[in-house]
Amino acid sequence: MTELLPHPLTGQPFGSPVPPGTGWPDDPASPDTEVAHTADDVQLDARVSVCAACPRLVTWREDVARDKRASFADQPYWGRPIAGWGEEHPGIVIVGLAPAANGGNRTGRIFTGDRSGDWLFAALHRVGLAAQATSEHAGDGQRLIGARMVATVRCAPPQNRPTTQERTTCSPWIEREIELLAPSVKVVVALGGYGWDATLRSFRAAGFDVPKPKPKFGHGAEATLGAGSARGDGVTLLGCFHPSQQNTFTGRLTEEMTDAVLARAKELAGE
């Protein structure tokens, strides 16, 4: 039997991975939520937080949850896919790559509990898009203001590198989420080239016109999706280098650069 460990904030005991519908903060699933086992299931109606369509990712996320990093050995690990998080009708959507093995895969919330998330939430707070400067765990009171975060691939992948097949299998989740969010979204901030390409694919799937040739990713790059359609001026896509430690430690991405992109998103969205 899996050892039960207390949640860092609530003190409630959980196993690792966390069974759905057992009281984890912000868990969208219930004990009887249908599980997706194939790409066809993903396209239909299974909830993202219990998806099991990619065997390699399921094995990895659950192995990490059971074995645990030594510094988090006293905590339960979420060990399941990560749902989008933030406002239901956002003006800004932030698109990332995938949860970190000991970040979102541990805390159950996107960009929460790892160095990239620390960087991103601090920047969001500085420009007024997050209520707190830190995001440590689901249930800590953090909230986004006029914004929502989504991951391209919803499970933590080994070496942070999902396969092309895993990306394709997972794509219906982000495509459906974009479709539901589209009526309110004015700006998308894509973190890294992976998030940029996923945004273009997802908005195309949602019926938006995507420029040809495909807009090139770059930090501060801008492109318009759906211009001249029923959306009027369309949705603005902004590029931002991913806040990975490789980028932030080397100075390729600075706080000022991050703040500038997020402030531009806030300005365009009128938040």
Side-chain angles (χ1 to χ4, degrees), residues 1-36 46-52 57-90 94 96 98-126 128-151 153-157 173 177 243:
M1 182 176 178
T2 302
E3 179 185 12
L4 299 182
L5 295 170
H7 186 280
L9 299 179
T10 69
Q12 182 177 343
F14 292 97
S16 301
V18 175
T22 52
W24 190 273
D26 299 329
D27 184 351
S30 64
D32 58 353
T33 296
E34 185 179 353
V35 177
R47 294 267 187 105
V48 63
S49 69
V50 293
C51 183
L57 297 188
V58 173
T59 297
W60 174 254
R61 80 193 189 204
E62 294 185 356
D63 284 351
V64 171
R66 292 190 193 96
D67 297 340
K68 300 181 174 62
R69 177 177 286 177
S71 54
F72 302 122
D74 61 341
Q75 297 183 18
Y77 269 57
W78 173 255
R80 288 163 43 199
I82 305 297
W85 179 78
E87 293 201 358
E88 292 185 4
H89 306 288
I94 300 165
N102 295 284
N105 189 56
R106 172 176 60 90
T107 66
R109 190 166 72 197
I110 186 171
F111 277 113
T112 296
D114 62 76
R115 294 291 182 85
S116 294
D118 292 345
W119 183 279
L120 181 58
F121 273 104
L124 288 165
H125 180 67
R126 286 193 297 269
L129 294 175
Q132 300 174 180
T134 60
S135 183
E136 298 179 358
H137 224 290
D140 62 1
Q142 178 64 284
R143 62 183 179 86
L144 295 179
I145 301 168
R148 186 174 182 85
M149 295 176 167
V150 300
V153 174
R154 305 303 174 100
C155 293
W173 293 121
E177 191 154 6

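As the structure is a prediction and not an experimental result, all values here were calculated from the model.
- Between His125 and Ala130, the shortest heavy-atom contact is ND1-O, 3.1 Å.
- The shortest distance between side-chain heavy atoms of Pro20 and Thr33 does not fall below 4.5 Å.
- Not a single salt bridge (charged side-chain N to carboxylate O under 4.0 Å, His left out) links Arg69 to another residue, sequence neighbours left out.
- Counting all heavy atoms, side chain and backbone alike, Leu57 lies closest to Pro157 at CD2-CA, 3.7 Å.
- In this structure, Met149 and Arg109 have side chains that are not in contact, with every pair of non-hydrogen atoms separated by 4.5 Å or more.
- Residues Asp114 and Gly104 share a closest heavy-atom pair of OD2-N, 4.2 Å.
- Each side-chain hydrogen bond (donor to acceptor under 3.5 Å, both in side chains) pair with one or both residues in residues 15-29, not counting sequence neighbours, appears once here: Ser16-Lys68, Asp27-Arg80.
- Leu5 places none of its side-chain heavy atoms less than 4.5 Å from the side chain of Gln75.
- Of all heavy-atom pairs between Ala156 and Trp60, the closest is O-CD1, 3.0 Å.
- Atoms CD1 and CG, on Ile110 and Asn105 in that order, are 13.0 Å from each other to the nearest 0.5 Å.
- A donor-acceptor pair under 3.5 Å is formed between the side chain of Arg148 and the backbone N or O of Gly84.
- The two residues Ala133 and Gln142 have their closest heavy-atom pair at N-NE2, 4.4 Å.
- Here the side chains of Asp140 and Ser135 are in contact, with some heavy-atom distance below 4.5 Å.
- Once rounded to the nearest 0.5 Å, the distance linking CG of Asp67 with OH of Tyr77 reads 9.5 Å.
- To the nearest 0.5 angstrom, Leu120 atom CG is 10.0 Å from Leu129 atom CG.
- Closest of all the heavy-atom pairs between Pro81 and Cys51 is CG-O, 3.5 Å.
- Arg106 CZ to Trp78 CH2: the interatomic distance, rounded to the nearest 0.5 Å, is 14.0 Å.
- Under the 4.5 Å side-chain criterion, counting only non-hydrogen atoms from C-beta, Pro25 is in contact with Thr10.
- At a threshold of 4.5 Å between non-hydrogen side-chain atoms, the residues Ile94 and Leu124 count as touching.
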